[in-house]
2 protein chains.
Amino acid sequence: MSVMRKGVSAVAPHPTPEPAGNPEWLNTIMKGDCVAALNKLPSKSVDLVFADPPYNLQLGGDLHRPDHSKVDACDDHWDQFESFEAYDAFTRAWLMATRRVMKDDGSIYVIGSYHNIFRVGAILQDLGFWIMNDIVWLKSNPMPNFRGKRFTNAHETIIWATKSKTAKPTFNYDALKTFNDDLQMRSDWHLPLCTGGERLKDDDGQKVHPTQKPEALLYRVLTASSQPGDVVLDPFFGTGTTGAVAKKLGRNFVGVEREQDYIDAATSRIEAIETGSGASLDMQKGKRAEKRIPFGNLLESGLLEPGAELSCSKGHHLAVVRADGSLKCGDFTGSIHKVGAMVQGASSCNGWTFWHTSKGRSRSPIDDLREEIRTRLRS
Amino acid sequence: MSVMRKGVSAVAPHPTPEPAGNPEWLNTIMKGDCVAALNKLPSKSVDLVFADPPYNLQLGGDLHRPDHSKVDACDDHWDQFESFEAYDAFTRAWLMATRRVMKDDGSIYVIGSYHNIFRVGAILQDLGFWIMNDIVWLKSNPMPNFRGKRFTNAHETIIWATKSKTAKPTFNYDALKTFNDDLQMRSDWHLPLCTGGERLKDDDGQKVHPTQKPEALLYRVLTASSQPGDVVLDPFFGTGTTGAVAKKLGRNFVGVEREQDYIDAATSRIEAIETGSGASLDMQKGKRAEKRIPFGNLLESGLLEPGAELSCSKGHHLAVVRADGSLKCGDFTGSIHKVGAMVQGASSCNGWTFWHTSKGRSRSPIDDLREEIRTRLRS
DNA sequence: TACGTCCATGAATCGGGCT
DNA sequence: CAGCCCGATTCATGGACGT
């Protein structure tokens with residue numbers, strides 16, 4: 001494979017849990033045009049994409065006439081259309097190239113401001129991507145609006161999307177909830193700008209990259225939508241924040257960047273990073289990750305006897321356990337879930353938390369017995 | 001002029017500073033299709049537009065809360081579109097009709113969610129509108145994500161645009177700054193949902209409109225981008241929040257609405273309002289309360305590294321920090337609070353004061369690190 | 001009256017594995 | 001691929017009601 005130009009395999013691949021045989025493009029920065037470089041990667045090889053595309057349209061003189069003459073809205077409209085057309089074509093091109101290298105259940109995050117994010121979002125939808133959330137990064141220390149003509153632009157927008165409506169992306173819900181003091185993570189992220197020691201400066205003290213993103217932002221994206229060992233692509237790598245955080249969190253990365261200065265800065269930056277130890281990268285897991293225990297196991301293991309009586313938490317509903325693992329409540333029989341739903345008149349029910357055993361006056365959910373089985377299995 | 005159908009001039013025009021001779025459509029609700037109604041208004045007659053168009057939510061089946069109650073979703077027919085193309089055509093049509101009736105220096109605000117706002121924003125740009133800001137309405141009390149599959153959708157986006165790049169829109173910078181405790185008004189607005197007494201209910205106690213917006217939101221829009229006596233258009237009038245706030249603030253309004261039920265509700269609502277009663281109205285101020293800092297922020301910001309060891313104040317209990325912000329203590333994992341409670345055998349625990357970092361022989365609570373983050377956020 | 005508990009509800013693109 | 005069925009999943013707020 002000749003994905004990389006000479007001298008561009010900038011960062012030595014670091015050890016990761018998997019895959020064992022790393023392709024040579026892994027944990028490197030590919031120099032060159034975004035689309036051309038992406039076309040050299042294999043299809044469906046990337047778990048997560050973070051993209052911070054350029055959005056300098058309208059900020060330069062593109063829309064001014066050379067003579068600065070005043071134009072009415074109609075003429076102006078044509079100029080804008082031309083410019084937006086070009087930006088749209090660029091956006092479609094890199095999004096299509098990115099789409100090809102994404103795994104079917106992968107995620108893509110794109111960040112932008114009001115100058116470009118609406119075009120990016122609409123094109124994502126037009127290309128068949130399925131938006132999961134939009135997220136707002138609220139800057140605690142934004143640049144004030146000096147002229148007092150607008151609201152202080154204190155946020156940027158991030159779109160999280162999958163390749164299709166039916167995709168089942170990684171989403172570490174429990175890890176994020178734990179991270180957030182046991183509350184669901186919301187779509188508003190309050191994070192400071194990238195400043196201070198984190199901001200890369202050149203020898204003259206000038207910032208190396210105009211829009212270096214804070215590592216905290218990438219930390220959260222990678223924690224949400226990837227697992228250790230996953231491959232994270234950043235098609236506009238810049239000074240390598242994505243790669244730095246990926247390495248810190250034990251993910252693999254691959255970047256694309258055109259400017260050699262940025263590649264150099266990113267390379268040394270990432271080399272200085274140490275991957276966290278294996279155990280510290282484990283994520284908080286929820287019940288969904290646990291092995292399924294059929295209710296019948298409680299009988300097989302002797303934790304429940306056939307004929308045992310179960311009740312709801314308040315003792316209003318009673319049912320008898322039968323030897324085959326079904327419940328009998330009046331004339332109705334079925335699984336713990338079905339009978340639980342029936343007695344409540346609900347369409348569904350989690351029998352594990354609904355039904356309880358009694359010891360004296362206290363009741364405990366049969367989920368405790370399931371946990372006992374799991375403990376035995378682990379030991 | 002025959003803008004209004006009989007019986008539709010629903011709200012008696014109220015006295016306003018100007019214009020002296022009010023056109024008959026002023027301070028009325030026009031019944032019918034948005035574009036057809038707008039085409040009956042004179043060109044360049046409107047100072048400010050607030051539009052809350054259909055979001056084109058594409059909902060699947062029913063959604064239930066964990067307690068099995070059913071979510072009362074917005075599944076009204078007016079929110080259904082066959083395709084993005086159909087939604088785009090609809091959006092272009094009402095935006096072009098709106099553009100004609102806007103004064104050249106007027107402003108338009110459009111609110112939406114990720115389902116539609118990217119299409120609206122791109123079409124605004126395509127039609128020659130000039131985006132001044134995008135604003136995020138952060139909901140203090142959003143509906144949670146019940147299935148744990150996405151981030152809590154805790155915000156909506158508002159686009160503020162003018163008819164052209166050269167427009168000079170009204171922007172009451174100083175008034176907003178005063179409202180905001182002498183700080184520049186930012187692009188993030190923290191406001192609660194429209195609930196409680198403000199929410200219009202019918203005789204059965206059911207909400208009249210599925211998406212009634214809070215008056216505080218409109219209060220802020222009108223305060224920012226209009227003057228007393230200005231004309232404010234809402235092409236999707238609904239139950240008349242825009243009209244209600246306009247009357248309170250001494251602005252004129254004109255609304256368009258198709259559903260008679262909404263018109264009736266809006267009419268009586270607005271009739272009950274007195275102009276200038278807003279003297280006692282205080283704009284919802286940006287909350288200066290101390291922000292909650294989730295434990296995960298310490299990792300994102302680099303104040304703690306994955307793998308770091310924490311202890312209780314006396315060093316009896318030890319735990320390891322994992323990359324996702326969970327603690328690991330033996331086989332037990334969870335948030336700093338849960339693990340703290342577990343090791344003490346307590347039902348709850350303030351992890352911030354219980355867990356300590358060590359430097360040499362001295363220990364300091366991780367609360368100190370949280371204070372460090374707060375300091376950074378304040379800077 | 002004050003306080004505590006319970007309940008209802010909000011623009012929501014909300015499951016997944018096995019047969 | 002459709003169907004079956006296990007079983008996981010919520011936060012802030014306001015109002016009603018009880019003590």
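FYI, side chains are in, hydrogens and waters are out, and symmetry mates aren't considered; it's all heavy atoms of this structure.
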Which part of the nucleic acid, if any, lies within contact of A:Ser335, taking any heavy atom under 4.0 Å across all strands shown: a base, the sugar-phosphate backbone alone, or nothing?
sugar-phosphate

For a quick check under 3.5 Å, do A:Ser187 and B:Arg150 share a side-chain donor-acceptor pair by atom type?
no

Assess whether one donor atom and one acceptor atom, taken from the side chain of B:Arg150 and the base of C:dT13, lie less than 3.5 Å apart.
yes

Reckon B:Ser113 touches a base, only the sugar-phosphate, or nothing at all at heavy-atom distances under 4.0 Å?
nothing

Could you tell me whether B:Gly61 contacts a base, only the sugar-phosphate backbone, or nothing, with contacts defined as non-hydrogen atoms closer than 4.0 Å?
base

Please state the C1' separation for the pair D:dT10 and C:dT9 - nearest whole angstrom.
12 Å

Closest to the B:Asp67 side chain: C:dT9, D:dG7, D:dC11?
C:dT9

Among D:dT9, C:dG10, D:dA12, the one nearest any side-chain atom of A:Asn350 is D:dT9

Given DNA chain C, 5'-ward residue of the pair B:Glu156 and B:Pro144, judged by closest heavy atom
B:Glu156

The side chain of A:His337 is closest to which nucleotide in this list: D:dA12, C:dG15, D:dC6?
D:dC6

Rounding to an integer number of Å, can you tell me how far A:Asp181 CG sits from D:dC11 P?
12 Å

Say we look at C:dG10 and D:dG7: how far apart would their C1' atoms be, to the nearest angstrom?
26 Å

Residue B:Arg199, side-chain heavy atoms: nucleotide from D:dT13, C:dG10, C:dA12 that is nearest
C:dG10

How far, in whole Å, is D:dA12 from C:dT13 if one measures between their C1' atoms?
23 Å

Would you kindly compare A:Lys338 and B:His64 by the position of their nearest DNA chain D nucleotide and give the one closer to the 5′ end?
A:Lys338

Classify A:Lys165 by what it touches in the nucleic acid, base, sugar-phosphate, or nothing, heavy-atom distance under 4.0 Å.
nothing

Less than 4.5 Å apart, side chain to side chain, heavy atoms only: is that true for B:Leu222 and B:Val232?
yes

Starting at CE of B:Met143 and ending at P of D:dT9, how long is that distance when rounded to a whole Å?
19 Å

Hydrogens and angles aside, do A:Arg186 and A:Asn133 bring a side-chain donor and acceptor to less than 3.5 Å of each other?
no

Between D:dT9, C:dA11, C:dT13, which one does the side chain of B:His115 approach most closely?
C:dT13

Between C:dA11 and C:dC7, how far is it from one C1' atom to the other, in whole Å?
23 Å

Both distances below 3.5 Å, Watson-Crick or wobble geometry, any strand: find the nucleotide opposite D:dG18.
C:dC3

Heavy-atom side-chain proximity of A:Lys177 to A:Leu183 below 4.5 angstrom
no

At under 4.0 Å between heavy atoms, what does A:Arg186 touch on the DNA or RNA strands: base, sugar-phosphate, or nothing?
nothing

For B:Tyr87 and C:dT13, is the shortest distance between a side-chain N/O and OP1 or OP2 below 4.0 Å?
no

Can you tell me the pairing partner of C:dA12 across any strand shown, Watson-Crick or G-U wobble, with both distances under 3.5 angstrom?
none

Sole candidate of A:Arg376, A:Arg374, A:Arg370 that passes salt bridge (Lys or Arg N to Asp or Glu O under 4.0 Å) when paired with A:Glu372:
A:Arg376

At less than 4.0 Å, is any side-chain N or O atom of B:Lys207 found next to OP1 or OP2 of C:dG10? Yes or no.
yes

A:Cys349 near the nucleic acid: base, sugar-phosphate alone, or nothing, with a heavy-atom cut-off under 4.0 Å?
base

Using the six-membered base ring of C:dC14, report whether B:Phe146 stacks on it, requiring centroids under 5.5 Å and planes under 30° apart.
no

Scanning all shown strands, the Watson-Crick or wobble mate of C:dC18 with both distances under 3.5 Å is D:dG3

As a test of reading the structure: which of C:dG10, C:dG16, C:dT13 is closest to the side chain of A:Ile131, going by heavy atoms?
C:dT13

Checking one value: the base orientation of C:dT5, syn if chi is within 90 degrees of 0, otherwise anti.
anti

Could you pull out the closest heavy-atom pair between A:Gln184 and B:Thr152, with the gap in Å?
OE1-OG1, 2.6 Å

Among the candidates C:dA11, D:dT10, C:dT13, find the nucleotide nearest to the side-chain atoms of B:Asp52.
C:dA11

Rounding to an integer number of angstrom, what distance separates C:dC14 and D:dC5 when you compare their P atoms?
24 Å

Starting at OH of A:Tyr173 and ending at C1' of D:dT9, how long is that distance when rounded to a whole Å?
7 Å

Take A:Arg292 and B:Pro142, find for each the nucleotide of DNA chain D with the closest heavy atom, and name the residue whose nucleotide sits nearer the 5' end.
A:Arg292

What's the shortest heavy-atom distance between A:Ser107 and A:Trp160, and which atoms?
OG-NE1, 2.9 Å

Got a donor-acceptor pair under 3.5 Å from the side chain of B:Arg65 to the base of C:dG10?
yes

Could you state the CD-P distance from A:Gln184 to D:dA8, rounded to the nearest angstrom?
17 Å

Shortest non-hydrogen contact from B:Arg119 to A:Gln125?
NH1-OE1, 2.9 Å

Looking across every strand, which nucleic acid part, if any, lies under 4.0 Å from B:Asp79 by heavy atom: base, sugar-phosphate, or nothing?
base

Within the structure shown, what part of the strands sits under 4.0 Å from A:Lys177 by heavy-atom distance: base, sugar-phosphate, or nothing?
sugar-phosphate

If you only use heavy atoms from C-beta on, which nucleotide in D:dT9, D:dC11, C:dC14 is closest to the side chain of B:Pro66?
D:dT9

Residue B:Val71, side-chain atoms from C-beta onward, closest of C:dA11, D:dC11, C:dA12
C:dA12

Base partner of D:dT10, which must satisfy Watson-Crick or wobble distances under 3.5 Å
none

Euclidean distance, atom CG of residue B:Asp62 to atom P of C:dG15 [Å, nearest integer]
12 Å

Parallel, tilted or perpendicular, judged at 30° and 60°: which one describes the rings of B:Phe90 and B:Phe81?
tilted

Expressed in angstrom and rounded to an integer, what is the separation of B:Lys149 atom NZ from D:dT10 atom P?
12 Å

Integer-rounded Å distance: D:dT13 P and B:Leu191 CG:
12 Å

To the nearest angstrom, the CE-C1' distance between A:Met132 and C:dC14 comes to 8 Å

Heavy atoms under 4.0 Å, any strand shown: does B:Gly112 hit a base, just sugar-phosphate, or nothing?
nothing

Touch class at under 4.0 angstrom, heavy-atom based, for B:Pro214 against every strand present:
nothing

Considering only heavy side-chain atoms of B:Asn145, the closest of C:dC14, D:dC11, D:dT13 is C:dC14

